[in-house]
Amino acid sequence: MKRTGYAAGLILATAAATAIGGSMGMAAGTPTTRTTSTDGHRRDMPAATPTGPAVSCIPLVGIRESQVRDDWTIDFRTAGNKWYRNTLPYRCSSLGFERAFSYATSLSQLCNTDIITVIATGGGGGPRGSCGLGSFQPVELAKKLKK
């Protein structure tokens, strides 16, 4: 059996806000401060303190949320509010900008051998490129963003 998933922090956040009676919006053309360096790393990503050894896979049924941090980093929240930081072995161009990806696996787990595909969330839509995942490091995320 092949399992397919789709993850987008903005879409998940919008769905959660709508479910509790709120709303989220984005202003087009609003000036923003550049938060991503030229190497694809965000400067405002929350710091993560390892809480145990890295694992190769996490169960799909346990994944509650994913947050794309930049072209290199995805944080996964699992059941029990446990966070795993996945640092990709190579830069995944456009991942930090699009903040959406899909995956397909024949297992009941998402593993460091799996490939994600960046999904364009703007005008053109569709796939933008594929990238390999890294190991899943259990972490405690800092409440305050690092600057």
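Position 1 is the first residue of the sequence, and the numbers go up from there. These values consider heavy atoms only, across backbone and side chains, with no hydrogens, waters or symmetry-generated copies.
Checking T73 against T87 by side-chain atom types alone, no donor-acceptor pair falls below 3.5 Å.
From C57, atom SG reaches atom CG of N112 across 6.0 Å, with rounding to the nearest 0.5 Å. Atoms CZ and OG, from F136 and S56 in turn, are 9.0 Å apart once rounded to the nearest 0.5 Å. Summarising the geometry, atom CZ belonging to R99 is positioned 7.5 Å from atom CZ belonging to R69; distances are rounded to the nearest 0.5 Å. Note that the SG atom of C111 and the CG atom of L60 stand 8.0 Å from one another [nearest 0.5 Å].
For the pair E98 and C92, the minimum side-chain heavy-atom distance is 4.5 Å or more. Put simply, the side chain of Y103 does not reach to within 4.5 Å of the side chain of D114, judged on heavy atoms. By the 4.5 Å heavy-atom criterion applied to side chains, V68 and F101 are counted as neighbours. Side-chain contact check for Y84 versus D75: every heavy-atom pair is 4.5 Å or farther apart. Looking at heavy atoms from C-beta onward, L88 lies in side-chain contact with L95 at the 4.5 angstrom threshold. E65 places a side-chain heavy atom less than 4.5 Å from the side chain of W83.
A pairwise comparison of heavy atoms in A54 and P138 identifies CA-CD, 4.0 Å as the closest pair. Pairing each heavy atom of Y90 with each of W72, the nearest pair is C-CZ3, 3.5 Å. Of all heavy-atom pairs spanning N86 and S135, the tightest one is ND2-O, 3.4 Å. Between A100 and T121 the shortest heavy-atom distance is CB-CG2, 3.5 Å. Shortest non-hydrogen contact noted between V139 and T51 is N-OG1, 3.7 Å. Residue V118 comes nearest to S93 through the heavy atom pair CG2-O, 4.1 Å, listed as atom of the first residue, atom of the second, then distance.
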### Query
Taking it one step at a time, do R85 and I74 satisfy side-chain contact (heavy atoms from CB on, under 4.5 Å)?
CA-CA 6 Å; R85 176 156 286 178; I74 306 169; over 6 Å; no
### Message
Test side-chain contact (heavy atoms from CB on, under 4.5 Å) on I115 and L133; report intermediate values, then the result.
### Response
CA-CA 6 Å; I115 304 293; L133 290 171; over 6 Å; no
### Query
How far apart are the C-alpha atoms of D70 and M45, what are their side-chain angles, what is the distance that settles it, and do they pass the side-chain contact (heavy atoms from CB on, under 4.5 Å) test?
CA-CA 8 Å; D70 59 24; M45 181 171 39; 3.6 Å; yes
### Task
In sequence, state the C-alpha distance, the side-chain angles, and the governing distance for E140 and K82, and then conclude on side-chain contact (heavy atoms from CB on, under 4.5 Å).
CA-CA 8 Å; E140 182 176 322; K82 186 171 186 175; over 6 Å; no
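When atom types are taken as modelled, the side chain of Q137 and the backbone of G52 share a donor-acceptor pair closer than 3.5 angstrom. With hydrogens and angles disregarded, no donor-acceptor distance shorter than 3.5 Å links the side chain of D71 to the backbone of R91.
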